Trainee: 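Questions regarding the structure given below will be posed in turn.
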Amino acid sequence: MAARFEELAWRETPIGAISLRRRRDPSLDVDVYEVKLDDEFLMSSLFPVAEIELARLGLAQLTGDALDVVVGGLGLGYTARTALEDPRVHSLLVVEAIEDVIDWHRRDLLPFTAGLAADPRTRLVRADFFAAVAGGAGLDPESPGRRFHAVLLDVDHSPRQVLHPSHAAFYTVDGLRRLAALLHPDGVFALWSNDPPDSAFQRVLTEVFPTSVAHVVRFPNPLQRREAANTVYVARH
């Protein structure tokens with residue numbers, strides 16, 4: 001019988017100690033995979049709905065085939081895996097700041113995303129997404145200035161609750177204009193947020209993108225026995 005609790009990986013990083021753990025939830029009779037940054041929970045395999053919808057809602061706005069997609073923030077891999085399930089996706093560039101998170105997927109430590117790293121369409125890049133956008137060279141270190149059909153971002157808790165102060169500038173008009181310059185015409189920027197729709201951030205989006213929508217994604221929280229909700233912003237260039 002597997003242990004009730006197992007720390008699969010742990011590493012000190014510039015933004016804190018990041019860890020991946022597996023625990024058995026006896027009330028739900030499932031293995032739960034969780035990512036923590038120091039003592040703060042970042043994500044859980046119990047609540048993947050909004051991360052999945054980030055990819056689905058973002059890619060649903062696109063037409064045509066041979067789509068080149070970026071996922072900013074790998075985490076448990078739900079967004080990247082869901083993007084690969086779309087047969088129109090030709091290439092998937094995953095930009096992740098923490099090498100250990102990339103290593104989790106290369107080692108297939110997460111059974112629900114096994115094979116993600118080995119998919120021939122996938123390239124995992126260790127880089128700071130926000131610094132790459134701000135620096136002007138773009139998100140693909142092998143092709144400066146490369147444009148994409150979609151950028152799907154899930155790193156910070158929300159535009160107001162960032163994991164590092166250096167991320168805050170991205171959520172301004174100037175920051176999003178730099179991101180928009182990396183999209184093809186009619187390209188899509190989609191963002192996950194743990195907070196309800198933020199009217200101030202929506203105004204920033206409308207200054208940069210011709211169209212933008214805040215989708216409230218609801219899902220059951222079995223631990224608290226109530227409904228929970230995240231927000232997915234989808235903006236079209």
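Because the structure is a prediction, the values reported are computed rather than measured.
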Trainee: Does Arg81 use its side chain to pair, donor to acceptor, with the backbone of Phe112 at less than 3.5 Å?
Mentor: yes
Trainee: With a cut-off of 6.0 Å (strictly less than), are more than 12 heavy atoms of other residues, nucleotides or ligands near NE2 of His157?
Mentor: yes
Trainee: Which pair of non-hydrogen atoms, one from Ser212 and one from Thr206, has the smallest distance, and what is that distance?
Mentor: OG-CG2, 3.7 Å
Trainee: Can you see whether Asp154 engages Tyr78 through a side-chain donor-acceptor pair at a distance of less than 3.5 angstrom?
Mentor: no
Trainee: Under 3.5 Å, is there a donor-acceptor pair between the side chain of Arg126 and the main chain of Ile102?
Mentor: no
Trainee: Decide side chain to side chain contact (heavy atoms under 4.5 Å, CB included) for Val188 and Leu183; before the verdict, give the C-alpha distance in whole Å, the side-chain angles of both, and the deciding distance to 0.1 Å.
Mentor: CA-CA 7 Å; Val188 167; Leu183 292 173; over 6 Å; no
Trainee: Answer yes or no: is there a donor N or O on one side and an acceptor on the other, between the side chain of His105 and the main chain of Gly75, under 3.5 Å?
Mentor: yes
Trainee: Verify the cluster assignment for Ile52 and Val213: are they in a single hydrophobic cluster under the rule of side-chain heavy atoms below 4.5 Å apart?
Mentor: no
Trainee: His149 side chain to Asp68 main-chain N or O, any donor-acceptor pair under 3.5 Å?
Mentor: yes
Trainee: Apply side chain to side chain contact (heavy atoms under 4.5 Å, CB included) to residues Thr122 and Leu84 and explain how you reach the verdict.
Mentor: CA-CA 8 Å; Thr122 301; Leu84 288 173; 3.4 Å; yes
Trainee: Hey, what do you get for CG (Leu191) to OG (Ser158), rounding to the nearest 0.5 Å?
Mentor: 8.5 Å
Trainee: I need the Met43 CE to Glu51 CD distance, nearest 0.5 Å.
Mentor: 7.0 Å
Trainee: When you group the ILVMFWY residues by side-chain heavy-atom contacts below 4.5 Å and let the links chain together, are Val35 and Leu8 in the same group?
Mentor: yes
Trainee: Given 3.5 Å as the limit, does a donor-acceptor pair link the side chain of Thr231 with the main chain of Asp195, or not?
Mentor: yes
Trainee: Is there a donor-acceptor contact under 3.5 Å from the side chain of Asp156 to the main chain of Gln161?
Mentor: no
Trainee: To the nearest 0.5 Å, what is the distance between CD1 (Ile18) and NZ (Lys36)?
Mentor: 12.0 Å
Trainee: Can you tell me which residue among Val162, Asp198, Val204 is in a side-chain contact (heavy atoms from CB on, under 4.5 Å) with Tyr171?
Mentor: Val162
Trainee: Of all the heavy-atom pairs spanning Ala190 and Gly58, show the shortest one and how long it is.
Mentor: CB-CA, 4.1 Å
Trainee: Can Glu53 and Arg218 be counted as an ion pair, charged N to O under 4.0 angstrom?
Mentor: no
Trainee: What is the minimum heavy-atom distance between Val94 and Ala80, and which atoms define it?
Mentor: CG2-CB, 4.3 Å
Trainee: Working to the nearest 0.5 angstrom, can you tell me the gap between Leu20 CG and Trp104 CH2?
Mentor: 4.5 Å
Trainee: Checking Asp65 side chain against Arg88 main chain: does a donor-acceptor pair fall under 3.5 Å?
Mentor: no
Trainee: For a quick test of reading the model, state the closest non-hydrogen atom pair linking Glu7 to Ser19 and the distance between them.
Mentor: OE2-CB, 4.0 Å
Trainee: Look up atom OG1 in Thr113 and atom CG in Asp108, then write down how far apart they are to the nearest 0.5 Å.
Mentor: 7.0 Å
Trainee: Would you mind reporting whether Val217 and Trp192 have side-chain heavy atoms less than 4.5 Å apart?
Mentor: no
Trainee: Mind listing the closest non-hydrogen atom pair of Ala169 and Thr172 along with its distance?
Mentor: O-OG1, 2.7 Å
Trainee: Can you find a heavy atom in the side chain of Val30 that is under 4.5 Å from one in the side chain of Leu46?
Mentor: yes
Trainee: For Glu6, run the salt bridge (Lys or Arg N to Asp or Glu O under 4.0 Å) check against Arg23, Arg22, Arg21, Arg24 and tell me which one passes.
Mentor: Arg22
Trainee: To the closest 0.5 Å, what do you measure between CG (Leu92) and CG (Leu116)?
Mentor: 7.0 Å
Trainee: Mark yes or no for whether Asp186, through its side chain, and Arg236, through its backbone, hold a donor-acceptor pair below 3.5 Å.
Mentor: no
Trainee: Give me the atom names and distance for the closest heavy-atom approach of Ala117 to Leu124.
Mentor: CB-CD1, 3.8 Å
Trainee: Report the C-alpha distance between Leu163 and Leu42 in whole Å, list the side-chain angles of each, state the deciding distance to 0.1 Å, and finish with yes or no for side chain to side chain contact (heavy atoms under 4.5 Å, CB included).
Mentor: CA-CA 10 Å; Leu163 294 181; Leu42 291 185; 4.0 Å; yes
Trainee: Please answer whether the main-chain N or O of Phe130 pairs with a side-chain N or O of Asp128 as donor and acceptor at a distance below 3.5 Å.
Mentor: yes
Trainee: For Arg123, look at atom CZ and say whether over 12 heavy atoms of other residues, nucleotides or ligands are found less than 6.0 Å away.
Mentor: yes
Trainee: Would a hydrophobic clustering, with Ile, Leu, Val, Met, Phe, Trp and Tyr connected at side-chain separations under 4.5 Å, put Val216 with Leu57?
Mentor: no
Trainee: Pick one: which of Val234, Leu176, Thr211 meets side-chain contact (heavy atoms from CB on, under 4.5 Å) with Leu205?
Mentor: Leu176
Trainee: With sequence neighbours left out, write down each residue that passes side chain to side chain contact (heavy atoms under 4.5 Å, CB included) with Arg147, or none if nothing qualifies.
Mentor: His184, Pro185
Trainee: Please determine whether side chain to side chain contact (heavy atoms under 4.5 Å, CB included) holds for the pair Thr82 and Arg56, giving the CA-CA distance in whole Å, both sets of side-chain angles, and the decisive distance to 0.1 Å.
Mentor: CA-CA 7 Å; Thr82 303; Arg56 289 180 177 167; 3.7 Å; yes
Trainee: Do Leu139 and Phe129 make a side-chain contact, defined as non-hydrogen atoms from C-beta onward lying under 4.5 Å apart?
Mentor: yes
Trainee: Report, as yes or no, whether the 6.0 Å neighbourhood of atom CZ on Arg11 holds more than 12 heavy atoms from other residues, nucleotides or ligands.
Mentor: no
Trainee: For residues Leu59 and Val89, determine if any side-chain heavy atom of one lies less than 4.5 Å from a side-chain heavy atom of the other.
Mentor: yes
